[in-house]
Amino acid sequence: MCGIAGIIRYHGEADEQTIRDMNDRMTRRGPDDSGVFVKGRVALSHRRLSIIDIKTGHQPLTIDNGNIVIVYNGEIYNFQELREELAAQGATFYTNSDTEVIAQAYLHYGIRACLEKLEGMYAFAIYDQRSDEVHIARDSFGEKPLYYIHDEDGYRFASELKAFNPREQHFAIDKTALNLFLSLDYIPAPYSIYEPVRKMMPGTWTTIGSDHTPTTHTYYRLQETIQPQDITEEEAKARLRELLTDSVKKRLVADVPAGAFLSGGIDSSIICCLMNQLSDEPIRTFSIGFNERECDETHRAELLARHIGSKHTKYILEYKDVIHDLDELLAYYDEPFGDSSAIPSYYVSKLARKDVKFVLTGDCADELFAGYEKYLADYYSRRYKRVPKVLRMAFEKMVDCCPINGYTNNLLRKVKKIIRSSQKSGFGLYYDMLCLGFNDDQRKTLLKPEMYQDIKPLYEKRYDAISDRFSYLQKQQLLDVESVLEGCMFPKVDRACMYNSLENRTPFIDSRILELALSMPDGLKQHGRNKKYILKETFKDLLPEATIHFSKKGFDVPVDHWLREDLREDLERLTGKEHIERQGLFDYDFIQHVLHEHFTGKENHKNKLWNLYVFQKWYEQIYG
């Protein structure tokens, strides 16, 4: 896990000090080493967190008598097999790093075939001095970040937005990105919060030649690799067990100690059990808890830790911890990021970094095996519509009259979602479940007319592009892998870990596992209301019985409590009349209406208000 940056000038030569400054702004991504390459119009830089080949893995790395120069961030999990394949074809290696394997694969196969052979998480740039071309690539699913600016002066790229020094550049806010954030909680590729900055799409690479015209190509589309199949349950279990075990084994390859995030839920517990089977000594596991019992699940983690005999460390997170670090943590994401589970992700990363340099996580299994409640929205909607209309109307009136408090909050939120979703189907239902913050109508009222943009067509276009040979569930999963993982899950964990100079590896994100999961029949993922059915059945022999039956919690955070109590004064300051009018982005009266409904208990607007709070904190840090 590292950081990279680059400059390709269209006129004149690249400036060494500029690339060094870009590199130095990303020190947390790679505190162990740094390097730059500058020649003519091209400058490349690298910050290193040493995990593999600690002694000889310095970058930028050159091969072929200096003709090929590479900077690279990530891990290639099949690099050992590729190394053997290349050596058989005459390649000579001078390091033990996966960086050199990428460079040699490019030299032997060319950029497309090289990328098609890689299994891993990565962003890299290769400067081929023979053709005077720079190739910049991002991994198949977008695990590793890559931002870029393309203008008349040239092309710049970096692993983090902060490399571009946006506070001093006075970039304008991108309206589409603002609207996406307020509704989704995050900003997916290709957008960033700043107008001139874009994120490279997953599964693509861009080539910049001497003609100064960047051309972008796609080398991987998940949809094209999937053929829905009638695999039996026993076949699916055998294949899943084989693939996930192999994925964990490959992600344990390193020259430094490993650990694991353990929430105590199904996904992280499975990863820890497999790690334990593959390790010669007890593994290290880490978890975060809260004093608020409704959010705390450390007892679940401790149950699994005892079961496998891991060296387990937990930390109970208190509000005083959060208030001390919150501003700096939110700032490290570089753009507004509204998933509040970023907070415990940061603290568990900080906890783990005291003992290890990289961790394995159970992230992304919910998207692959339909583990979220939202994937049952169609199931609930169809059953609710069977209830006679007169009974539904009476029930909905009763729900509207129920007060929102600590006892009714979660139940009412779910019931209202079912009622709302019963009016929709297909894409409309998916989009409704996707928007965790302000919906379209609310966002239109919240924003000044000149700032509002309709984001629904962006997702409708993606939804319509998915072949009808896929089921409704498969379409949701494909869109979530493309958008939610890239835009929310991966940045959340990447930044939380990189803030602490810790690498994270995600065994569920293996192209073989994704292709298996999305091609198997829906009934193997959803067994009635039983979510992640095939995952539980495949690994139930490894887990305590209680773990199998735990309800899903995730990294839940007491944001509702904080907004009503500890953060309320700061929230009211940031949404005060003077502040809002000076910004010129939002409607003050509508914000006050949302605040009033939340604080009086008429509605629970915690997601909306957290998004607004996060945006205002970011805005204040950048624009003052």
Chemist: Salt bridge (Lys or Arg N to Asp or Glu O under 4.0 Å): which pairs involve residues 173-191, sequence neighbours left out?
Modeler: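 Only D174-R198 qualify under salt bridge (Lys or Arg N to Asp or Glu O under 4.0 Å).
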Chemist: Is there a side-chain contact between F79 and E100 in this structure, where contact means two heavy atoms from C-beta onward sitting under 4.5 Å apart?
Modeler: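 They are not in side-chain contact.
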Chemist: If the plane angle is over 60° it's perpendicular, under 30° parallel, otherwise tilted; pick one for Y619 and Y623.
Modeler: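 Tilted, since the angle between the ring planes falls between 30° and 60°.
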Chemist: Under 3.5 Å, is there a donor-acceptor pair linking the side chains of S263 and S268?
Modeler: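 Result is yes, a qualifying pair exists.
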Chemist: Is any side-chain heavy atom of I4 closer than 4.5 Å to a side-chain heavy atom of K144?
Modeler: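 No; the side chains remain at least 4.5 Å from each other.
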Chemist: Ignoring hydrogens and angles, tell me if any N or O in the side chain of Q104 forms a donor-acceptor pair with the backbone of T92 under 3.5 Å.
Modeler: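 Confirmed, Q104 side chain pairs with T92 backbone.
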Chemist: Check this for me: does any side-chain nitrogen of one of E81 and K117 sit under 4.0 Å from a carboxylate oxygen of the other?
Modeler: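 No, this pair does not count.
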Chemist: Are any side-chain N or O atoms of S183 and backbone N or O atoms of F438, one a donor and one an acceptor, separated by less than 3.5 Å?
Modeler: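 Checking the backbone N and O of F438 against the side chain of S183, a donor-acceptor pair under 3.5 Å is found.
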Chemist: Is E335 reaching over with its side chain to a backbone N or O of I193, donor-acceptor style, under 3.5 angstrom?
Modeler: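 Such a contact is found between E335 side chain and I193 backbone.
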Chemist: Mind checking whether Y10 and H150 have ring centres under 6.0 Å apart?
Modeler: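 Yes - the distance between ring centres of Y10 and H150 falls below the 6.0 Å cut-off.
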Chemist: Could you check whether T176 and Q453, counting side-chain N and O atoms only, form a donor-acceptor pair closer than 3.5 Å?
Modeler: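 The criterion, which ignores hydrogens and geometry beyond distance, is satisfied for T176 and Q453.
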Chemist: Pair R512, D510 - check salt bridge (charged side-chain N to carboxylate O under 4.0 Å, His left out), show working.
Modeler: CA-CA 5 Å; R512 301 166 301 168; D510 180 296; 2.9 Å; yes
Chemist: Validate the cation-pi geometry between R443 and Y452: distance from NZ or CZ to the six-membered ring centre under 6.0 Å, angle to the ring axis within 45°.
Modeler: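 Negative - R443 is either too far from the ring of Y452 or too far off its axis.
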Chemist: State, yes or no, whether a side-chain contact exists between F490 and F141 at a heavy-atom distance under 4.5 Å.
Modeler: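 Counting from C-beta outward, F490 and F141 do come under 4.5 Å.
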Chemist: Start with the C-alpha gap between Y147 and D334, add the side-chain angles, then the distance that decides, and say whether side-chain hydrogen bond (donor to acceptor under 3.5 Å, both in side chains) holds.
Modeler: CA-CA 11 Å; Y147 298 85; D334 291 334; 5.8 Å; no
Chemist: Verify the neighbour count for atom NZ of K249: are there more than 12 heavy atoms of other residues, nucleotides or ligands below 6.0 Å?
Modeler: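 Counting neighbours around NZ of K249, 12 or fewer heavy atoms of other residues, nucleotides or ligands fall under 6.0 Å, so no.
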Chemist: Give the intermediate values and the outcome of side-chain hydrogen bond (donor to acceptor under 3.5 Å, both in side chains) for residues Q583 and Q616.
Modeler: CA-CA 10 Å; Q583 275 182 298; Q616 294 295 78; 2.7 Å; yes
Chemist: Using a strict cut-off of less than 4.0 Å between a Lys/Arg side-chain nitrogen and an Asp/Glu carboxylate oxygen, indicate whether D15 and R9 qualify as a salt bridge.
Modeler: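 Answer for the salt bridge query: no.
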Chemist: Could you go through Q476 and Y372, starting from their C-alpha distance and side-chain angles, then the distance that decides it, and tell me whether this counts as side-chain hydrogen bond (donor to acceptor under 3.5 Å, both in side chains)?
Modeler: CA-CA 11 Å; Q476 294 178 78; Y372 291 125; over 6 Å; no
Chemist: Any donor and acceptor pair, going by atom type alone, linking the side chain of R20 with main-chain N or O of E16 inside 3.5 Å?
Modeler: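 No; zero donor-acceptor contacts below 3.5 Å.
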Chemist: Please examine the side chains of E75 and V253, heavy atoms only from C-beta on, and report whether any two atoms are closer than 4.5 Å.
Modeler: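 No, every pair of side-chain atoms sits at 4.5 Å or beyond.
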Chemist: Considering residues at least two apart in sequence or located in another chain, which fulfil the ring-ring contact (aromatic ring centres under 6.0 Å, His included) criterion with Y186?
Modeler: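 Here no residue qualifies.
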Chemist: Is there a donor-acceptor pair closer than 3.5 Å between any side-chain N or O of Q223 and the backbone N or O of L478?
Modeler: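 No, Q223 side chain to L478 backbone: no donor-acceptor pair under 3.5 Å.
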Chemist: Under a plain distance cut-off of 3.5 Å, with no hydrogens placed, do H58 and D33 share a side-chain donor-acceptor pair?
Modeler: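 On atom types as modelled, these side chains qualify, holding a pair under 3.5 Å.
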Chemist: Tell me, with the steps shown, if H217 and I111 meet side chain to side chain contact (heavy atoms under 4.5 Å, CB included).
Modeler: CA-CA 10 Å; H217 313 267; I111 186 63; over 6 Å; no
Chemist: Would you verify whether the NZ or CZ of R495 falls within 45 degrees of the ring axis of F337 while also being under 6.0 Å from that six-membered ring's centre?
Modeler: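 Verdict for F337: no cation-pi partner in R495.
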Chemist: For E367 versus L485, what's the shortest heavy-atom pair and its separation?
Modeler: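 Reported closest heavy-atom pair: CD-CD2, 3.5 Å.
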Chemist: So which heavy atom on Y459 is nearest to which on S483, and how close?
Modeler: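 That closest heavy-atom pairing would be OH-OG, 2.8 Å.
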Chemist: Between Y155, F157, F164, which is the residue that forms a ring-ring contact (aromatic ring centres under 6.0 Å, His included) with Y148?
Modeler: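 It is Y155; the other options fail the test.
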Chemist: What do the steps show when you test Y106 against F124 for ring-ring contact (aromatic ring centres under 6.0 Å, His included), and what is the final call?
Modeler: CA-CA 12 Å; Y106 167 76; F124 66 77; 8.5 Å; no
Chemist: Looking at Y220 versus W205, is the centre-to-centre ring distance below 6.0 Å?
Modeler: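 No, they do not, as the ring centres are separated by 6.0 Å or more.
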Chemist: Say whether, by atom type as modelled, one donor and one acceptor occur between the side chain of R284 and the main chain of G259 under 3.5 angstrom.
Modeler: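 No.
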Chemist: Between D98 and Y122, is the side-chain hydrogen bond (donor to acceptor under 3.5 Å, both in side chains) condition met? List the steps.
Modeler: CA-CA 11 Å; D98 52 352; Y122 53 84; over 6 Å; no
Chemist: Applying the salt bridge (charged side-chain N to carboxylate O under 4.0 Å, His left out) test to D494, which of R505, R28, R29 qualifies?
Modeler: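 Exactly one option meets the salt bridge (charged side-chain N to carboxylate O under 4.0 Å, His left out) with D494, and it is R29.
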Chemist: I'd like to know if the side chain of Y332 pairs up with that of E160 as donor and acceptor (distance under 3.5 Å, no hydrogens or angles considered).
Modeler: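 Distance-only check passes for Y332 and E160.
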Chemist: Got L585 and I173 here, is their nearest side-chain heavy-atom distance under 4.5 Å?
Modeler: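 Of all side-chain heavy-atom pairs linking I173 with L585, at least one is under 4.5 Å.
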Chemist: Under the side-chain hydrogen bond (donor to acceptor under 3.5 Å, both in side chains) rule, collect the residues that match up with T27, sequence neighbours excluded.
Modeler: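 Result, side-chain hydrogen bond (donor to acceptor under 3.5 Å, both in side chains) vs T27: none returned.
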Chemist: Are any side-chain N or O atoms of N23 and backbone N or O atoms of H46, one a donor and one an acceptor, separated by less than 3.5 Å?
Modeler: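 A pair under 3.5 Å: yes.
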Chemist: Do D325 side-chain atoms and L329 backbone N/O form a donor-acceptor pair below 3.5 Å?
Modeler: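 The answer is no, because no donor-acceptor pair under 3.5 Å joins these two groups.
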